Colleague: 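What follows is a structure written as structure tokens; I'll ask about it next.
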Amino acid sequence: MQLHVDYVEYEPIQPEAGIYEEAERKIHRIEEALLLLTSIEKDDDRLLAVKAMDDAAAFMEKLKIPRLVIYPYAHLSTDLAPPTHAMEIFNAMKERARTLGLNFHAAPFGWNKRLVISVKGHPLAEQLKSYTAEAAARSSEEVPQALLLEEKLESYWHVLTPGGEMIPVEKFDFSGHENLEAFAKYEMQKSRAVLEQPPHVSLMKRLEIADHEPASDPGNVRWYAKGRLIKSLLEEYVTKKVIEYGGIELETPIMYDMEHPALRKYLHKFPARQYVIPTEDKKYFLRFAACFGQFLIARDMQLSYRHLPLWLYELTRYSFRREKSGELAGLKRLRAFTMPDVHALCKDLEQAKEEMKRRLKLSLEVMEGIGFDRDYLEMAIRFTKDFYEENKDFIFELVRIFGKPVLAEMWSERYFYFVLKWEFNFVDCQRKAAALSTDQIDVENARSYGITYVNESGEEAYPIILHCSPSGAIERVIYALLEKAELVRMRGGKPMLSTWLSPTQVRIIPVRSKYIPDCIELIEEFERNRIRVDVDDRDETVDKRIRDAETEWIPYIVVYGEREKKSGILSVRIRAEDRIEFMKPEDLITRIREETKDKPFKELPLPKLLSRRPSFR
RNA sequence: GCCCCGGUAGCUCAGCGGGUAGAGCGGCGGCCUCGUAAGCCGCAGGCCGCGGGUUCAAAGCCCGCCCGGGGCUCCA
């Protein structure tokens, strides 16, 4: 029985049977909720629990009901399940509610309870819902059917495990892999639960990272000083890593002739998604990837098998895709974005497979350096059936390198220019997925662009080309970093960026204005050690300035007064550990240098004194 | 692109069964000189997204457009 209530109030009086949950004998009152008075019947299973919770979540979404109350209520059925089984199903409901991110309350099972409810007066407020095992079984079988109808080409969804198994996605046990499950759902059913603005959008504004530029086309962003700093550090980091792995950095034009023979075919194969720039005599399109420029260069190069594999790299600022207006979202999906793109020309498939493994490792390193270890990433591998049949070992090798179960999509035939692609996906606060790193095996474009090399027998041959972005679009990386910080906050932690990406790494707060000169002297020592430091010399209370530094997510906050001046020991508020430690300046410097080693450094492009620093909004 | 929600002070938002606009934060000024998450007082600041319509009267109602967000779709 589903009731939309103004409030529900209950008080556990006494356990009714031997099997009951722990409960406090006090009055529990919950305001403004969807109350589910629930009976579990003999044949009910966990699938039903999931279905019931999904329906409840959808209903709550529709009616904007903020919370859910799961209330064991035996009196709705004459065919009750035994208590142990019933409790198991209730637990499955709670688990599902938690997975869905619902704000819910569960009344204890097995108690005699005093109950007061106030049901709202609207037509949808009272509904009897009944779920039976047969119906659930039927609907779960319908999933692949519906997918087949929906997809233009047949695709088959599986989960690949590091142990070498290929399990149909509906048979895979996702417990312990909730993010992968959310990602799989997102991919397959396109089911989306949440309606609010994504958290990273207000964060990017509040932290003065970026904002929309109303005078531009939607999906074009303005970057403030701190955002520009973060973005350029990420750009530098990815570039550094690619070059370490042997990438050759190039720069190519952002616009191309629409009638150029090599580009025409590629361009016309896809729906018009590009910005077009008309001039007196010709039309140009803005590039939507680095492929064009790099391929046109590769076509003109004198290549032999001895040069291969050859990595060509460019970080495009920008690539342009004129996504439909409804598809744009914060920093997640833009019309102008910064894309590191590294191609590998390989002499044959064997070499391509070897290179792809190296690039997968590169991507994992890059993502980890940025702050996404494997817990935050879900991998998808998509391939044609033919490719799978001939390269099973290779595909499972990729899964093993990743080290977690992977979502696999198999196509019955090749539709795109690639036979295999993989990506890393980040699952955000709204349980939506966004692709970050990716790599593809392209078997078509060498031919269409006329890219050739001379092989061992002195013949011209077409290379296989890999297309990899080790991080994905930089804007999207920042979206993911902000969403990750919000996930941390939701779990009760302190949101922050890694030290190397924090615009201010150390903030010094003089207790009184007379210590400002000492603080300015102190920052020079930090600056000599390539640490971004500033001084909050504003005429505000210490408390206020600490609060401001905290809301800016500054990793190290130093309060400087008489004690510090006398002792030379700093009191350092360490955000990551949520505590204060007393340490010498050189120890703090060592700590930060350790945390930021192997990462790029840039100066803070803002006044060092907060009193001189304008707000961008 | 379609559907839904929103756009009011620099920011976040209240006001919206029509009668001419408010708060908090921020800014500026004054007091306070402060030891680990918001000190006190005062002042300034508004073509209520833009255009049209209805009305004696529009921030509010109607139509169109622009921008943002969400859903669908899409994501080479």
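Letters A, B, ... are given to chains in the order of the sequence lines, protein chains preceding strands, and every chain is numbered from 1. Remember, it's a predicted structure, so these values are computed and weren't measured experimentally.
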Colleague: Of all the nucleotides listed (rG35(B), rC74(B), rA37(B)), which has the minimum atom distance to the side chain of E562(A)?
Modeller: rG35(B)
Colleague: Could you walk me through whether E475(A) and R317(A) pass the salt bridge (charged side-chain N to carboxylate O under 4.0 Å, His left out) check?
Modeller: CA-CA 11 Å; E475(A) 292 82 355; R317(A) 200 162 99 205; over 6 Å; no
Colleague: Do L407(A) and V169(A) make a side-chain contact, defined as non-hydrogen atoms from C-beta onward lying under 4.5 Å apart?
Modeller: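 Yes; the side chains approach each other to less than 4.5 Å.
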Colleague: Just to verify, what does D442(A) make a salt bridge (charged side-chain N to carboxylate O under 4.0 Å, His left out) with, not counting sequence neighbours?
Modeller: none
Colleague: Using the P atom as the reference point in each nucleotide, state the distance between rC25(B) and rC61(B) in Å, no decimals.
Modeller: 30 Å
Colleague: Round to a whole Å and report the spacing from CZ of F320(A) to C1' of rC75(B).
Modeller: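 Interatomic distance, CZ of F320(A) to C1' of rC75(B): 18 Å.
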Colleague: Whole Å only: how far is the CD atom of E552(A) from the P atom of rG26(B)?
Modeller: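 Checked: the CD to P distance equals 14 Å.
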Colleague: Round to the nearest Å and state the distance from Q430(A) atom CD to rG71(B) atom C1'.
Modeller: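 Those two atoms, CD and C1', are 12 Å apart.
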Colleague: Can you name the residues that form a salt bridge (charged side-chain N to carboxylate O under 4.0 Å, His left out) with R222(A), not counting sequence neighbours?
Modeller: E213(A)
Colleague: Does E323(A) contact rG1(B) through a side-chain donor or acceptor facing the base, at a distance under 3.5 Å?
Modeller: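 Checked by distance alone, the answer is no.
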Colleague: Determine the interatomic distance between C1' on rU12(B) and the same-named atom on rG46(B); round to the nearest Å.
Modeller: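 Taking atom C1' in both rU12(B) and rG46(B), they lie 16 Å apart.
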Colleague: Calculate the interatomic distance between M339(A) atom CE and rC75(B) atom C1'; express it in whole Å.
Modeller: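 After rounding, the gap between these two atoms is 11 Å.
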Colleague: May I ask you to check whether T499(A) and E595(A) show a side-chain donor-acceptor distance below 3.5 Å?
Modeller: yes
Colleague: Which base sits across from rC61(B) as a Watson-Crick or G-U pair, both distances under 3.5 Å?
Modeller: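 Across all strands, the one nucleotide that pairs with rC61(B) is rG53(B).
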Colleague: Where the side chain of P218(A) is concerned, which of rG68(B), rA76(B), rG26(B) is the nearest nucleotide?
Modeller: rG68(B)
Colleague: If you look at every strand shown and take non-hydrogen atoms under 4.0 Å, does K324(A) touch a base, only sugar-phosphate, or nothing?
Modeller: base
Colleague: Taking protein heavy atoms under 4.0 Å as touching, what does nucleotides 8-14 of chain B look like 5' to 3' if B marks base contact, S marks sugar-phosphate-only contact and - marks none?
Modeller: --SSS--
Colleague: Start at the 5' end of RNA chain B and walk down; is the nucleotide closest to Q440(A) or to S216(A) reached first?
Modeller: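 On the 5' side of the pair lies S216(A).
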Colleague: Using the P atom as the point on both nucleotides, what is the distance between rG7(B) and rU54(B), in whole Å?
Modeller: 25 Å
Colleague: Does anything in residues 197-229 of chain A form a ring-ring contact (aromatic ring centres under 6.0 Å, His included)? List the pairs, not counting sequence neighbours.
Modeller: H200(A)-Y479(A), Y224(A)-F616(A)
Colleague: Using the P atom as the point on both nucleotides, what is the distance between rC32(B) and rC40(B), in whole Å?
Modeller: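 To the nearest whole Å, 16 Å.
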Colleague: Between rC34(B) and rG22(B), how far is it from one P atom to the other, in whole Å?
Modeller: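 Rounded to whole Å, the distance is 40 Å.
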Colleague: Quick one: list whatever passes side-chain contact (heavy atoms from CB on, under 4.5 Å) with P218(A), sequence neighbours left out.
Modeller: L328(A), R335(A)
Colleague: More 5' along RNA chain B: V558(A) or E213(A), using each one's nearest nucleotide?
Modeller: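 It is V558(A) whose nearest nucleotide is closer to the 5' end.
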Colleague: Would you mind pulling out the nucleotide paired to rC28(B), Watson-Crick or G-U wobble, both distances under 3.5 Å?
Modeller: rG42(B)
Colleague: Calculate the interatomic distance between R538(A) atom CZ and rG39(B) atom C1'; express it in whole Å.
Modeller: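 Nearest whole value for this atom pair: 14 Å.
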Colleague: What residues, two or more places apart in sequence or in another chain, satisfy side-chain contact (heavy atoms from CB on, under 4.5 Å) together with A435(A)?
Modeller: E423(A), N425(A), R476(A)
Colleague: Please say which of Y275(A), Y284(A), F288(A) ends up in a ring pair (Phe, Tyr, Trp, His ring centres under 6.0 Å) with F320(A).
Modeller: Y275(A)
Colleague: At 4.0 Å (heavy atoms only), tell me whether R563(A) reaches a base, stays on the sugar-phosphate, or touches nothing.
Modeller: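 Answer is base: heavy atoms of R563(A) come under 4.0 Å of a base.
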Colleague: Phosphate oxygens OP1/OP2 of rG69(B): is one of them under 4.0 Å from a side-chain N or O of H212(A)?
Modeller: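 Indeed, a polar side-chain atom of H212(A) lies that close.
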Colleague: Taking atom P in both rA23(B) and rG15(B), compute the distance separating them and give it to the nearest angstrom.
Modeller: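 The answer is 15 Å between these two P atoms.
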Colleague: D386(A): which residues meet the salt bridge (charged side-chain N to carboxylate O under 4.0 Å, His left out) condition with it, sequence neighbours left out?
Modeller: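 So D386(A) forms no salt bridge (charged side-chain N to carboxylate O under 4.0 Å, His left out) with any residue.
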Colleague: Mind calculating the distance between CZ (R206(A)) and P (rG26(B)) to the nearest angstrom?
Modeller: 14 Å
Colleague: Whole-Å distance between rG71(B) C1' and L328(A) CG?
Modeller: 15 Å
Colleague: For rC75(B), which nucleotide is its Watson-Crick or G-U wobble mate, given both distances must be under 3.5 Å?
Modeller: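 Pair assignment: rC75(B) / none.
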Colleague: Measure the shortest side-chain to side-chain distance between L466(A) and I441(A) over non-hydrogen atoms and say whether it is less than 4.5 angstrom.
Modeller: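 Sidechains of I441(A) and L466(A): in contact.
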Colleague: Students often get this wrong, so: under 4.0 angstrom with heavy atoms, is E564(A) touching a base, only sugar-phosphate, or nothing?
Modeller: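 E564(A): base contact, heavy atoms under 4.0 Å.
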Colleague: So, does K544(A) get its side chain near the phosphate of rG26(B), meaning an N or O under 4.0 Å from OP1 or OP2?
Modeller: yes
Colleague: Taking only N/O atoms, report every protein-nucleotides 30-34 of chain B pair under 3.5 Å with atom names and distance.
Modeller:
residue: rC32(B); atom: N4; partner: D539(A); partner atom: OD1; Å: 3.4
residue: rC32(B); atom: N4; partner: D539(A); partner atom: OD2; Å: 2.7
residue: rU33(B); atom: O2'; partner: R512(A); partner atom: NH1; Å: 3.2
residue: rC34(B); atom: OP2; partner: R512(A); partner atom: NE; Å: 3.3
residue: rC34(B); atom: N4; partner: D539(A); partner atom: OD1; Å: 2.9

Colleague: Reckon K494(A) touches a base, only the sugar-phosphate, or nothing at all at heavy-atom distances under 4.0 Å?
Modeller: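 The residue K494(A) makes base contact.
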Colleague: Who does rU12(B) pair with, Watson-Crick or G-U, both distances under 3.5 Å?
Modeller: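 Across any shown strand, rU12(B) pairs with rA23(B).
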Colleague: Considering residues at least two apart in sequence or located in another chain, which fulfil the salt bridge (charged side-chain N to carboxylate O under 4.0 Å, His left out) criterion with R547(A)?
Modeller: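 With neighbours one apart ignored, the set is empty.
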Colleague: When you compare rG45(B) with rC62(B), how far apart are their C1' atoms, in angstrom units rounded to a whole number?
Modeller: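 Per the computed distance, 32 Å lies between those C1' atoms.
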Colleague: Does rG35(B) pair with anything, Watson-Crick or G-U wobble, both distances under 3.5 Å, and if so, with which nucleotide?
Modeller: none
Colleague: Please measure how far the C1' atom in rC16(B) lies from the corresponding atom in rA21(B), and state the result in whole Å.
Modeller: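 Roughly 12 Å separates the two C1' atoms.
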Colleague: What is the distance, to the nearest angstrom, from the CG atom on L263(A) to the P atom on rA76(B)?
Modeller: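 Value for this atom pair: 19 Å.
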